[in-house]
Amino acid sequence: MVYPRRLASFLFSIAIAVVASWLAADVFLSDGFDPLDVVRILLLATTSAWIAWGASLGLQGVLSHKRSDTATREPLRAEKIAVAIPVYNEDPAAVMARVMAMAQSVHAAGEGSRFEFVVLSDTRNDEIATQERFWLQQLRRDGPQDVQFFYRRRDQNTGKKAGNIAEFLRASGGRYEFLIILDADSLMEGETMIEMARRMEADPSVGLLQTLPKIVHARSWFGRAIQFSASFHSPYFARGLAVMQGRTGPFWGHNAIVRTRAFAESCGLPVLTGKPPFGGHILSHDYVEAAMLARKGWTVRVDPDLEGSYEEGPDNIIDFAKRDRRWCQGNLQHGRLIGVPSLKAWSRFTLAQGIMAYLASPLWLIFLIASILAPMLAPPPNYFPVPHMPAIFPTPETAQAVTLLVGIFGLLIGPKLVIALHSMVTGTSRAFAGPGAVLLSTVVEIIWSSVLAPITLMFQSRSVMQVLLGTDGGWPSANRDADDIGMRESWAASWWIMLTGIALLFGSAQFEPNLFYWFLPVAMPLIGAPAIISWSSTRRSGMRAAQSGLFLTEAELAPSDVIRAYETNFAHWQNAGTPQPQDGVAPAEAGEVAV
């Protein structure tokens, strides 16, 4: 079923690009031929095909059924399974409270003795590192006695997260048949971990099994909108992705299990020649590791039916843009890897998709700018193209322009509406507070995404430009507990976006008045960016959304055991204050192990 699905999606995307080009040619060439019009048509065809491809994944997911054939109740055979939690300047109490919750969960499932949790610290701040050891000591004191906990801090964080995992595998990988890779903000039910290991044992060809993490603990309007989309829409897109990619699936860097031997033998990452941003250590290592596993013949699979996998996300647009900047650099870096020998064709296509995910924004921006410049560069109208014949006056192709705009917008929102209707028919909407709440949340999320899209376009376009100009974005630590963004901070981060919106409106009014009203939906969010960024980051906006029944999720309405355990552990430790070393153990040594 993989190849027919791929072919159908390719044909759908190509058909959309052809129709968009035809409509655009009618509109752009109505006043005569101009080379810039050809550029605009090509840009529109490319971006339309990209949007159509994304829409096809959602529609494929609606048409696909959840994978139930992969579930197994066979007894677990693996003697030891490592759970690796790489950390980098994180809140130690929150990290260890999550580890405690997961340890309690595997203990409750009766398999605690098989799991060993390993906190791999790349923290550069000595004070935070000291706290990590303190909280590890608390974890070992209060956690289940049949679960083992280890800690290691590297002197140098060579290779960032990928280098941290690689060093752990070289030192201790032989001890474990499977390795579950998490992030500092990851949570996973014990039963989910056990089931992942069972599925790996049931199919010896699987080298990596990826879950679909759902976002939890969002507090702002911005965070809650992403949380709803990740919980409600993403499973459908993930199912579409699963049937499309087959044995050459994705790796998102966390909340996944790998066969330790396969990963160690296949995924040694090179250091690229030259300086960052295109040289040096590979930043978006997960896509590359998935491709390297597939190159060695291992199956890389995503099972969207695996529940109980969670993570946290940014609560404001600024922190989201900072994280996105790092991903942008990592994905564009893949341009040097597409031609690596022996990669599977689909792996190369996946790398290309990752690059296009960021190039799409500057392409749209160039299209908007070209639309303003086109009338200035257009040739003078020729009302007598055929000698001795009556004059031919150019006609505005309004119908084609409206059809083109509606078609593109339909590709963006259509899959979300189809998913909402599907959930209402099948009854899955009940877990999200019912059909009415789902429909309202979907409509509001579509409106919000439309407002947010131009702002995201500007941040991503700037990121692409910075990378192409040779600027290294580095590896900033995540700010998982950001407070509200005030207007001063928001203005400092987005004044240039507001000026761009003003310039677009002024340019369209000055040089192409017919475009002025068409540009309003894009320019107005840009002009309002400082206010939008500030308001959507506030806890009050998130509370208002929840009180209005917006963006409610299953994990929020009926939290799983591991979520409740984490919240209880974290609250208890916060109230207890900083633990002190006991039994003569020095703070620098508490709970540490050489791994």
Peer 1: With a cut-off of 6.0 Å (strictly less than), are more than 12 heavy atoms of other residues, nucleotides or ligands near OH of Tyr358?
Peer 2: yes

Peer 1: In Å and rounded to the nearest 0.5 Å, what is the NE2 to OG1 distance from His254 to Thr211?
Peer 2: 8.5 Å

Peer 1: Within the structure provided, determine whether His422 and Tyr236 are in side-chain contact (heavy-atom separation under 4.5 Å).
Peer 2: yes

Peer 1: Given salt bridge (Lys or Arg N to Asp or Glu O under 4.0 Å), test Lys161 with Asp183 step by step and report yes or no.
Peer 2: CA-CA 9 Å; Lys161 176 181 174 180; Asp183 260 356; 2.6 Å; yes

Peer 1: Check whether the side chains of Tyr566 and His217 place a donor and an acceptor atom closer than 3.5 Å, and report yes or no.
Peer 2: no

Peer 1: Between Phe409 and Ser450, is any pair of side-chain heavy atoms under 4.5 Å apart?
Peer 2: yes

Peer 1: First locate atom CZ of Arg326, then atom CG of Asn331, and finally report the distance between them rounded to the nearest 0.5 Å.
Peer 2: 11.0 Å

Peer 1: Roughly how far apart are Asn569 CG and Arg98 CZ, rounded to 0.5 Å?
Peer 2: 11.5 Å

Peer 1: Less than 3.5 Å apart, which donor and acceptor atoms pair up between the side chains of residues 545-558 and the rest of the protein, not counting sequence neighbours?
Peer 2:
unit_1 : atom_1 : unit_2 : atom_2 : d
Ser548 : OG     : Arg544 : O      : 2.8
Thr553 : OG1    : Glu556 : N      : 3.3
Glu556 : OE1    : Arg224 : NH2    : 3.1
Glu556 : OE2    : Arg224 : NH1    : 2.9
Glu556 : OE2    : Arg224 : NH2    : 3.3

Peer 1: May I ask you to decide if the ring planes of Trp448 and Phe222 are parallel, tilted or perpendicular, using 30° and 60° as cut-offs?
Peer 2: perpendicular

Peer 1: Distance check, rounded to the nearest 0.5 Å: Phe459 atom CZ versus Asp324 atom CG?
Peer 2: 10.0 Å

Peer 1: Which heavy atom in Ile497 sits nearest to a heavy atom in Ala529, and how many Å separate them?
Peer 2: CG2-CB, 3.8 Å

Peer 1: Supply the atom-to-atom distance Glu311 CD to Met188 CE, rounded to the nearest 0.5 angstrom.
Peer 2: 10.0 Å

Peer 1: Quick one: do Glu195 and Arg198 satisfy salt bridge (Lys or Arg N to Asp or Glu O under 4.0 Å)? Show the steps, please.
Peer 2: CA-CA 5 Å; Glu195 177 60 22; Arg198 287 195 187 112; 3.4 Å; yes

Peer 1: Is there a donor-acceptor contact under 3.5 Å linking the side chains of Ser490 and Ser534?
Peer 2: no

Peer 1: Where is the tightest heavy-atom contact between Leu208 and Ala256, given as atom of each residue plus distance?
Peer 2: CD2-CB, 4.4 Å

Peer 1: Do the side chains of Ile408 and Ser48 get nearer than 4.5 Å, heavy atoms only?
Peer 2: yes

Peer 1: Kindly state whether the ring of Phe349 and the ring of Trp53 have centres lying under 6.0 angstrom apart.
Peer 2: yes

Peer 1: Pick out which of Ile257, Ile81, Asn255 makes a side chain to side chain contact (heavy atoms under 4.5 Å, CB included) with Met196.
Peer 2: Ile257

Peer 1: Under the side-chain hydrogen bond (donor to acceptor under 3.5 Å, both in side chains) test against Asp315, which residue among Ser537, Ser536, Ser220 passes?
Peer 2: Ser220

Peer 1: Taking all atoms of both residues into account, what is the closest heavy-atom pair of Trp298 and Pro204, and its distance?
Peer 2: CZ3-O, 3.2 Å

Peer 1: Starting at CG of Leu269, measure out to CE of Met292 and round the result to the nearest 0.5 Å.
Peer 2: 5.5 Å

